[in-house]
Amino acid sequence: MISKIAVLEPRSFSGRSNQKENRVIAPKLEYLAMAALDTPNAFYNKQILSASGNLSGVNFSGFHLREVPNLHCPCCGKMMYTQEQIKKFAEKLSVAKGENISKFLGPHLHNLHPVEKNVAETLINLSEANPEKTIKELLMLKRLESKVHLEKEQIKLINSAIKDAKNLEGGVKGDLLNRLHEIKRIVLKGKHGHPFKRKNVVATIENFALSEKNPSNQEILKNMSDKIHTLPMSGNDFNAFILKYTQVSRDDFEIAKRIFFPNQPTIEHINPALRSVKNINHGKNDLSNYLDMCLDCNGERGIEPYYLFVERKPQMKENLPRHMNEVQHYIRKKDMPSYYDYPLKVRQTIREQSTSPDEQNPKLDFDTTLIENYIERKTGLLRELYQQYMNDKK
């Protein structure tokens, strides 16, 4: 049994895999593939690959507002940094030492997301006593301490999974217990020099859940999967960040870039591309369904219906209008005819998608007076030009 439900190797985003074992349960994986879109880690990795040019299947081009610097996220309200800005930031920070680290990171602290802000503050503090060290060398000073804290949290969750696995029935109990004990050994000792990987234990339990027929076992495995998904990762845990980015393969430039990456603008599909596992509703891929949103917030939402997401993010009632006000000012300043009606269209979509099924009023809205007045003025000028043209023809 264990050979059929071995841990899946990472799939390419085209959906193909070279693992024979994967094909054994491939027909049962449809909902897992969709659910994977709803995890911050999957979204985050996908965006990094896209920004690095390593993921040709993902195309977020055609939305100029993603390239506009210094817009605030409509969700969290933090300033967003374009890919070009992040690259320039990384080039400067990766060669900085001592007080230059503090001078560079200080002005950005209030914009950074929690984990990255913690990392930046740590770099600033450590740089004072170690003025000759680069940012990676500084983080290496925290590696042992972070390793102890992270392993403690990982072992706690794996022990909980082992306890739950003892309640399983049949052969799956022994198979999964053996696998979990092996994973526990990897956490503590590593495997052939390779560190523990969170995705492997997550995939292990999910694969057991997918192949299980016993309803009682299915419920236990589902609860185990929910717990194991809370394993720390670099996007939500300071110690996991330190362990990951002080590996030999990482360099100063990559660390510097990663600090700002959650602030990168992404395309938020207001009406998500996949809302339901059973009934796949594709949101439109056009301006009426696009909203600029930082990577961190977009990844957190996943494919959650908008009205539910808004309920969890009450700050959007203030941050969305500010963002759209900035967008309207930008459209007017740059005089972008192809974006004249963008605020009007996206407002309609937001009103529709932020209205829950049992209510009539939207949870989100914003004022479009700025762009409406601009369109009216531009239309009036065009009418005058047309009339002048007609008079000249006479």
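Keep in mind that this is a model prediction, so the values were computed, not measured. Just so it is clear, the values below take in all heavy atoms, side chains as well, and ignore hydrogens, waters and symmetry mates.
Between H108 and F89, the angle of the ring planes lies from 30° to 60°, which puts this pair in the tilted group. Ring geometry, F260 versus Y81: the interplanar angle exceeds 60°, so the pair is classed perpendicular (tilted spans 30 to 60°).
Side chain to side chain, S146 and N239 meet the donor-acceptor criterion of an N or O pair below 3.5 Å. For D335 and Y340, the side-chain atoms include at least one donor-acceptor pair closer than 3.5 Å. N159 and K184 share a side-chain donor-acceptor pair at under 3.5 Å. Checked by atom type, the side-chain pair T349/N289 shows no donor-acceptor distance below 3.5 Å. For the residue pair E372 / T368, a side-chain donor-acceptor distance below 3.5 Å is found, with atom types taken as modelled.
Under the 3.5 Å distance criterion, the side-chain polar atoms of Q328 are matched with a main-chain donor or acceptor of D367. Put simply, the side chain of Q264 never gets that close to the backbone of T82: no donor and acceptor are under 3.5 Å apart. Judged purely by atom type and a 3.5 angstrom limit, N263 uses its side chain to pair as donor or acceptor with the backbone of N111. In this structure a side-chain-to-backbone donor-acceptor pair under 3.5 Å is present from R301 to I270. Checking side-chain atoms of R347 against main-chain N and O of D365 turns up no donor-acceptor pair under 3.5 Å. Of the possible polar contacts, none joining the N178 side chain to the D175 backbone as a donor-acceptor pair under 3.5 Å is found.
The minimum heavy-atom distance linking N298 with M293 is given by the pair N-SD, 3.7 Å. The two residues A120 and L109 come nearest to each other via the heavy atoms CB-CD2, 3.6 Å. Minimum heavy-atom separation, S234 to V115: O-CG1, 3.7 Å. When all heavy atoms of P321 and M316 are compared, the closest pair comes out as CD-O, 3.5 Å. Minimum heavy-atom separation, V187 to E151: O-OE2, 3.3 Å.
Aromatic rings of Y342 and Y290 (six-membered ring for Trp) have centroids beyond the 6.0 Å cut-off, not under it. Between F366 and H323, a ring centre-to-centre spacing not shorter than 6.0 Å is recorded.
Between K87 and E84, no side-chain nitrogen of the basic residue sits less than 4.0 Å from a carboxylate oxygen of the acidic one, so the salt-bridge criterion is not met.
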Exercise for the section: Give the intermediate values and the outcome of side-chain contact (heavy atoms from CB on, under 4.5 Å) for residues R258 and F241. Expected result: CA-CA 10 Å; R258 171 61 182 79; F241 185 108; 3.6 Å; yes
Practice task
Could you please spell out the steps behind the side chain to side chain donor-acceptor pair (under 3.5 Å) verdict for N130 and E137?
Solution key: CA-CA 9 Å; N130 303 275; E137 291 170 339; over 6 Å; no
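For F309, the ring pair (Phe, Tyr, Trp, His ring centres under 6.0 Å) test picks out no residue, with sequence neighbours left out.
In the hydrophobic cluster analysis, where Ile, Leu, Val, Met, Phe, Trp and Tyr join through side-chain heavy atoms closer than 4.5 angstrom, L141 is grouped together with I101. Placement of L150 and I242 in two distinct hydrophobic clusters is found when ILVMFWY residues are connected by side-chain heavy-atom separations under 4.5 Å, directly or transitively.
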